[in-house]
Amino acid sequence: MRAAVLRDQKTGVRIEQVDLEKPREGEVRVQMVGAGACHSDYHRVSGHVEFGLVPYVLGHEGSGVVREVGSGVTTVEPGDHVILSLTAQCGRCRNCHAGRPNLCEWWVLGKGTLPGGRRPFTKDGVPLYADLATFAEETVVAESYLVKIRKDVPLAKACLIGCGVMTGVGAVLNRAKVETGSTVVVIGCGGVGMNVVQGAVLANAGKIIAVDKVKFKLDMAHSIGATHMIDASKEDPVKRVMEITDGGADYAFEVIGFPQTVRQAFDCIRPGGTCVMVGVPPKGGEVSVPGMPLFWDRTVMGTFYGAGRPRTDFPWMLDLYASGRLKLDELATKVRPIEEVNQAFDDMNKGVTVRTVFTFG
Ligand code: PAD
Ligand code: ZN
């Protein structure tokens, strides 16, 4: 079975033949149909984030078909269409009970194992690290990572809900809770940032100001509802936002992953405004803001996975897609076989794609 494996940062990602054990109690085997290339995958390859778990099967955005269930599995059965969620939801911990399953205390993404420490992927008998491992023809995950979805939406494109849409739209609606008429700035309009723009449209924001360095991203942001576009390679985004908003935005989202652009987002908001860090900061990176502007009721917040509640949020997101109010097809700017994983990362870094969706045919 083919999988995209990261062995070390020098050699990068390679397609390898690996073996996958059968699902055990509470586990499910999923045949992948679509998987999105998110910048968080590339952060592991580039070393932007601390990452010692190698060899590691990449991929955390994905959709597929259930092929086999272990004993005790009750919420899915073979043949079901599913989207993989970034987080497990044990349903028993404090955060699950408080309606914040993205912070489930049983959750193990980032540890490179299934709950309990098992590693079902092996190569020549040696276990590989993997979380959701959506960059593989098949994967085995705990049942609670899976959300069963309606069968009448294109399954490959639905993978985008699993990370980019949940994170971006969720950052606006679930985390920041943007109010109707608010002024919203989005700094970085890639696969996740474009979904912050979509979230702002769904929240009925007034002015939606898209900031990027790539014209094609700004054009797409405009086509999905941004009202103003700022090319950060040509003009100072903060100065321009101040002009457009007459003194600062209500919300500014940083969706790249650098302390400098988080600071830029903070500088874009008015007294009482909120700066949301969506991008994953570099290892050891510190975010700092000046004290006096913060004093004037400004808020700085982080967001993991758009405060996502996958079993609640994925179904309505797909309903909005089916009725034309949430865009997925437009965001999947390229479809490639998983063999072209490195070309997809190159495209991402050159800024020529919003999201690449991998297929496994
Ligand atoms: P992406 O590479 O598709 O998008 C980044 C965008 O930023 C691109 O359009 C770039 O052109 C643009 N950009 C780069 N530098 C600048 C700049 N100085 N000014 C303006 N625009 C710029 O990445 P992505 O959308 O897949 O991911 C974005 C970040 O979000 C990344 O750090 C990723 O790890 C993070 C993320 N966070 C969560 C979460 O839970 N918070 C989930 C998923 C991804
Ligand atoms: Zn992601």
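Read the numbers this way: they start at 1 and go in the same order the structure lists the ligands and their atoms. As the structure is a prediction and not an experimental result, all values here were calculated from the model.
Within a radius of less than 2.8 Å around the Zn ion (ligand 2), the protein N, O or S atoms are C38 SG, H60 NE2, C163 SG.
With E143 contributing its side chain and T74 its backbone, the two residues share a donor-acceptor pair below 3.5 Å. Put simply, the side chain of R355 never gets that close to the backbone of A332: no donor and acceptor are under 3.5 Å apart. In terms of modelled atom types and a separation under 3.5 Å, the side chain of N95 and the main chain of C104 share no donor-acceptor contact. Of the possible polar contacts, one joining the R175 side chain to the G302 backbone as a donor-acceptor pair under 3.5 Å is found. Counting only distance, with no hydrogens or angles, the side chain of D8 and the backbone of T11 share a donor-acceptor pair below 3.5 Å. A distance-only check finds a donor-acceptor pair linking the side chain of T333 to the backbone of V354 [under 3.5 Å]. Using modelled atom types, no side-chain atom of D313 and backbone atom of P310 make a donor-acceptor pair closer than 3.5 Å. W107 places a side-chain N or O within 3.5 Å of a backbone atom of L86 that can act as its donor or acceptor partner. Between the side chain of K177 and the backbone N or O of N174 there is at least one donor-acceptor pair closer than 3.5 Å.
Looking from atom 16 (C) of ligand 1 to the surrounding protein, the closest heavy atom is I256 CD1, 3.5 Å. Looking at atom 36 (C) of ligand 1, its nearest protein heavy atom turns out to be S40 OG, 3.6 Å. In terms of protein heavy atoms, atom 30 (O) of ligand 1 is closest to G279 CA, 3.6 Å. In this structure, atom 24 (P) of ligand 1 lies nearest to the protein heavy atom H39 CB, 3.6 Å. The protein atom (non-hydrogen) at minimum distance from atom 11 (O) of ligand 1 is D212 OD1, 2.6 Å. Looking only at protein heavy atoms, the nearest one to atom 18 (N) of ligand 1 is K213 CE, 3.4 Å. Closest protein heavy atom to atom 25 (O) of ligand 1: V192 N, 2.8 Å. Closest protein heavy atom to atom 37 (N) of ligand 1: V278 O, 3.1 Å.
Within ligand 1, counting atoms from 1 as listed, the ones closer than 4.0 Å to a heavy atom of F304 are 40 (O). Annotation for ligand 1: atoms under 4.0 Å from non-hydrogen atoms of Y305 are 39 (C), 40 (O). Remark: ligand 1 atoms within the under-4.0 Å shell around heavy atoms of K217 are 8 (C), 9 (O). For ligand 1, the atoms closer than 4.0 angstrom to any heavy atom of H43 are 31 (C), 32 (O), 33 (C), 34 (O). Remark: ligand 1 atoms within the under-4.0 Å shell around heavy atoms of C163 are 42 (C), 43 (C). Near V214, with a cut-off below 4.0 Å to any heavy atom, the atoms of ligand 1 are 11 (O). Listed by number with element, the atoms of ligand 1 under 4.0 Å from a non-hydrogen atom of R355 are 24 (P), 26 (O). Taking every heavy atom of M348 and a limit of under 4.0 angstrom, the matching atoms of ligand 1 come to 2 (O).
Proximity of P237 to ligand 1, defined as any heavy-atom pair under 4.0 Å, is not found for any part of the residue. Of all the heavy atoms of L86, none lies under 4.0 Å from any atom of ligand 1, so neither backbone nor side chain is involved. Both the backbone and the side chain of V280 come within 4.0 Å of ligand 1, counting heavy atoms alone.
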Exercise. Apply the test ring pair (Phe, Tyr, Trp, His ring centres under 6.0 Å) to residues H60 and Y145: give CA-CA distance (whole Å), side-chain angles for both, the deciding distance (0.1 Å), then the verdict.
Key: CA-CA 11 Å; H60 62 273; Y145 284 98; over 10 Å; no

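Checking Q9 against S46 by side-chain atom types alone, no donor-acceptor pair falls below 3.5 Å.
Residues M1 and F121 come closest through the heavy atom pair CE-CE2, 3.7 Å.
For D124, the salt bridge (Lys or Arg N to Asp or Glu O under 4.0 Å) criterion is met by no residue, not counting sequence neighbours.
Both tests do not hold together for R2 against F360: distance to the six-membered ring centre under 6.0 Å, angle to the ring axis within 45°.
With hydrophobic clusters built from ILVMFWY side chains whose heavy atoms lie under 4.5 angstrom apart, I224 shares a cluster with V214.
Contact annotation: G351 has no heavy atom less than 4.0 Å from any atom of ligand 1. Within the 4.0 Å heavy-atom shell around ligand 1 one does not find H48.
For F51 and Y56, the ring centers are positioned less than 6.0 Å apart.
The shortest N/O to N/O separation between G191 and ligand 1 falls below 3.5 Å.
The residue from V30, V65, V66 that alone fulfils the side-chain contact (heavy atoms from CB on, under 4.5 Å) condition with D80 is V66.
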